[in-house]
Asker: 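So that we are looking at the same thing, I have put the structure below in structure tokens.
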Amino acid sequence: MKMRLSLAIASVAILVVHGFVFYQQFFHKWENYQTSYFDQARTLSKTDAEREAFAARSPKIEQILVTQFGSERVDRCTTCHIASDDPRFKDAPHPYKTHPFSEALGDKQVDGKWERRHKFSDIGCTVCHDGQGRGLTEFYAHGEDEFWTEPMLGYVTQENWRPEFKDKLKGKEYMEANCAQCHTDKDFKQTPMVNKGRDLFIQKNCYGCHRIEGISNGTLGPDLTDVGKKWNLNYIYESIYDPRANSVTSFMPKFNLTDDEIKALAIFLKSRRGFNYAETTLDHYRATLNKSQAPAPPPSTTTTTTKPTPTTTPAATEGAKLGEQLIAERACVACHKLGDKDGGIAPDLSFEGLIKDEKWIKAHFKDPRALVPDSIMPTFAFTDGDFNAMTTYLAGLNKAPALGSPQETYQNLCMRCHGEKGDGHGQIAIYLDPYPRDFTNAGFMNSKTEDRFVNSIKNGVGGTSMPAWGKVLNDDQIKGVLAYIGQNFTKDARTEIKPRDVPEQNPVATSSESIARGEAIYLQRCTGCHGRKADGKGANSLDILPRPRNLLNWQFINNATDKRLFESILYGVQGTAMPPWIDYGLTKEDVGDLVNYVRSLNQSKKDFMAANLVAMCH
Amino acid sequence: MVYSMSENKQKNSFFSVIKDFPAAVWSSVFRHNLPHTDLGRSQTSFTNFFLHIHPVKVHKHTLKPWFTMGLGLISLFLFLILTVTGVLLMFYYVPSTTQAYDRMLDLRGSVAFGVFLRNMHRWSAHGMVAAVFLHMCRVFFTGSYKKPREFNWVIGVLLFLVTLFLSFTGYLLPWDQLAFWAITVGTAIAGYAPVVGDQMRFILLGDTTVGQEALLRFYVLHVAVLPLVAAGLIAIHFWRIRKDGGMSRPADADVIETNGAAPVETEAIPAAAPVMAMAAAGNGGIDFIEKRRYGVQGLVRGPFTKVGNVPDNSVYSYPNLLLAELFVFILTVLGVLVISFFFNAPLEEAVNVLHPPNPAKAPWYFLGLQEMVSYSAFWGGVGVPGIEVLILLLVPYIDRGQKGVGKWFAKERLLANTLFMTFVVVNIVLIIIGTFFRGQNWEFVSPF
């Protein structure tokens, strides 16, 4: 009996739950909206026929199937916003309110009646507003659900968005991002924010690192072609505002942008959905065909202030002034250091005129990796005029800083790369390849002559970011810095370096046989660390610090003397993983072959250097 | 009543046909009225298709709620709920990467009861994984896998694996971020298996990554292959419960108190013999027919089909067992309904292949595995779980002592129970760590 009673109670409970479920599933808010609309419309009706028509209508889900914009869209918004096209409801509260008519949207008045330029029955709602067309409750339909990447643009901010952004992410102007889905002309008047964002994308050099199909080809940062489809506004805004907020490993600089500029960029990026609604799939296909045939159009800035007149070559001082302006506007200091501005990613430009010459700077602008093969600096597509002006300005930065003690010198010139502790982990070190030298590595520091270090400081090291400080520091100062480094970082007292039997010149003449022999030895002995491609990325390279030398760094190899290569191979590099190969049976002839092989890998680039007359240290 | 009908055959007038029509249909469908006699009760269990899986009589010990806690039944009922809601969901679902997610939105937005069906299906699936696991624990801790039930334990372990796999394959179908990355992680774990790992992963996915092929394969596995396998195994599982002598029970459960007299062992009483003898005697008439039928049931021998007024500790399945089952069924449905009413099944953003959530987590029942994988890919993902399953399968053949059967945490089984409890606790702790204590990059975080 007890069993039967509990059974009965449980059954009643089930019945009650069913009641709740049925109530939840059968009574919808949208039905109330619709009946209320029918009632109101009926009282507003002027003819009996109209009245009857409204009386006969019963609630049902309204939907618009939109097939013209790529994938099929289902918009059920008009289920609640049922009066959106009924002009009598223009002052009614939401959700009955009539969608406003406006000249700006292209709506026209014909005989006192408005006609829409964008007919809802053709294009639906979400194409302009975003939100979730399939949802039938406010929470889902307006995109308040945090998992929906497209909440209603400019109206809805989601719970998990950054609180301080919420006000900044509201406003009609955000909808321009969707206007630009179809209205892709560069200067479409109704989308000023998109246009501004596009200009900023070029002006602020975003294009140097990021790719957007049809606009830019940067490879350093993520491809932004369909960034608007992948991310919500909050994410895009945040990624510009604070690049490391979403990716701790990002080395994108925090640009000095105003709120308005970030907003314009965010709107522009939100409009990049990787697909142009105005094009059919076939159009799109044709467009990609054309693009692959024609060279990518050089990005051009539309604002006149930054565009030098191409016909007149500015005079030197004028050029320097323009260059200064260009460098300021193009956010070079987002990465580089210049004066008291420091982007914390790329080398110091403050004394550029003393450490590089005009030819070098210009050639480096045109192709950074021609001079520093592993540089991460993007290849910017400025005009020659711009490059000339910027080069003139940088080459004019030839005022040596006032330097006192060696310690001060180290802190001003060396610390940014080599680090406060001299261990090579300076502020910008992780962006440099090869990595800055670790002065605390006594094994290395005490195995090289002082002359070698003096030479490196004075003349720089080819193919690396180590500049030639010869015009900034005199010999005494250089020695002073070296002594400072020895005392404070290396610490171990220098020992007498044993004289080694190293030839000044490679005794083996280069020939195809010698190169073939060298290659055989290389494949046998060297690939584990230096890699089969000789790019320094062998299987063991990740376990080794300092990293194995990239033997395809032609600037380095071509500037290294035979003597240095011989010494490094035959006697090893102390304090690194490079062993003395003389102990492993390599003869001088073998090393000669190896040197010939390595040099042969970089031969073609030597011609390039000769052609560009780039003076490098020897 | 069935037999009295035959006497009316002569009066086959038109009116009597009309008059008897409802009764005729009724009696053709249901062979018996509600039974009031012991004979009727046994016939009900015996002749009804849906009830014949039950024994005619069931031991009182089996009906003790705290002995089984109804966990096996709960698993079965959840399976049935899943089948029904699953079939209904199939009407709306398309296993296509371009449509699946939109179909989910439609289910949530505009299909009547759509969101509720999905909730029921999702929560029942989670519940079934838990219930099956707890059922396994119950069987272990009561020592119920011992002879002659060894092989049923093995089938039970297989059913547990099938349940996991069913739940896992279903996880992908909504085609949202949660689904995509959980399956990416899960199949990557499968890829760590030695020798066949990569092939196995490829066969599962039909591709090198999770995509359209994987969606289709998981769908077919989920709605056709695995349910059939599960149903087959469930049938064998139940069949064997009967053939292995019903539920396990302690040796002293059959001792009957007879008014202070010395306990009598039922085994000693020859139950079937008189019945058979009666059937063999064969005197005619209705009396004989009833007795003969009675006798046929008596022929079905074994611990639970004893018929006759023999003093033992069994009661008629109808209605005792039936009511208990109904009660468990109603409680299960009630639980699923209430949970489905209050909690919506998660649906995250549509698949974004380029952006894994950090951390990307497998379904909760695999988070223990994932946690172990974070220490060692092979051992955590394949080695340890493989050994665990192997040991589970072999348990009844390793632990062969006959003592302590049918009692929770019997003293005689202290070692076995301790070992199994360790296994359970370790796995649960790993799952809890994986679920609550792992944040970005699988680093340890505090949920508090």
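These numbers come from a predicted model, not from an experiment. Letters go in sequence order (proteins before strands), and every chain restarts at 1. As a basis for the values below, the full set of heavy atoms in this structure was taken, side chains included, without hydrogen atoms, waters or symmetry mates.
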Asker: Are H142(A) and Q132(A) close enough that a side-chain donor and a side-chain acceptor fall under 3.5 Å?
Answerer: no
Asker: Check each atom of T137(A) against the heavy atoms of chain B and say whether the ones under 4.5 Å are side chain, backbone, both or neither.
Answerer: neither
Asker: Pick one of side chain, backbone, both or neither for P319(B), based on which atoms fall under 4.5 Å of a heavy atom in chain A.
Answerer: side chain
Asker: Counting only heavy atoms closer than 4.5 Å, note whether Y101(B) contacts chain A via side chain, backbone, both or neither.
Answerer: side chain
Asker: Measuring heavy-atom distances to chain B, does I61(A) have an atom under 4.5 Å in its side chain, in its backbone, in both, or in neither?
Answerer: side chain
Asker: Using non-hydrogen atoms only, which part of N320(B) is less than 4.5 Å away from chain A: side chain, backbone, both, or neither?
Answerer: neither
Asker: Are T225(A) and R211(A) side-chain neighbours, meaning at least one heavy-atom pair lies under 4.5 Å?
Answerer: yes
Asker: Looking only at heavy atoms and a cut-off of under 4.5 Å, which of V115(B), D102(B), L326(B), N352(B) has the most pairs with chain A?
Answerer: D102(B)
Asker: Could you have a look at K229(A), R76(A), K230(A) and say which one has the most heavy-atom pairs with chain B under 4.5 angstrom?
Answerer: R76(A)
Asker: Counting only N and O atoms by type, is there a donor-acceptor contact under 3.5 Å from the side chain of N160(A) to the main-chain atoms of E146(A)?
Answerer: no
Asker: Got a second to check how far H135(B)'s NE2 is from M128(B)'s CE, nearest 0.5 Å?
Answerer: 10.5 Å
Asker: If you draw the axis of the six-membered ring of Y93(B), does the NZ or CZ of R118(B) fall within 45° of it and under 6.0 Å from the ring centre?
Answerer: no
Asker: Can you name the residues that form a ring pair (Phe, Tyr, Trp, His ring centres under 6.0 Å) with Y171(B), not counting sequence neighbours?
Answerer: none
Asker: Tell me if a side-chain donor or acceptor on Q34(A) pairs with a main-chain N or O of K60(A) at a distance below 3.5 Å.
Answerer: yes
Asker: Under 4.5 Å heavy-atom distance to chain B, tell me which part of F20(A) shows up: side chain, backbone, both or neither.
Answerer: both
Asker: Is chain B contacted by the side chain of H18(A), its backbone, both, or neither, given a heavy-atom distance below 4.5 Å?
Answerer: side chain
Asker: Side chain, backbone, both or neither: which part of V21(A) has a heavy atom under 4.5 Å from chain B?
Answerer: both
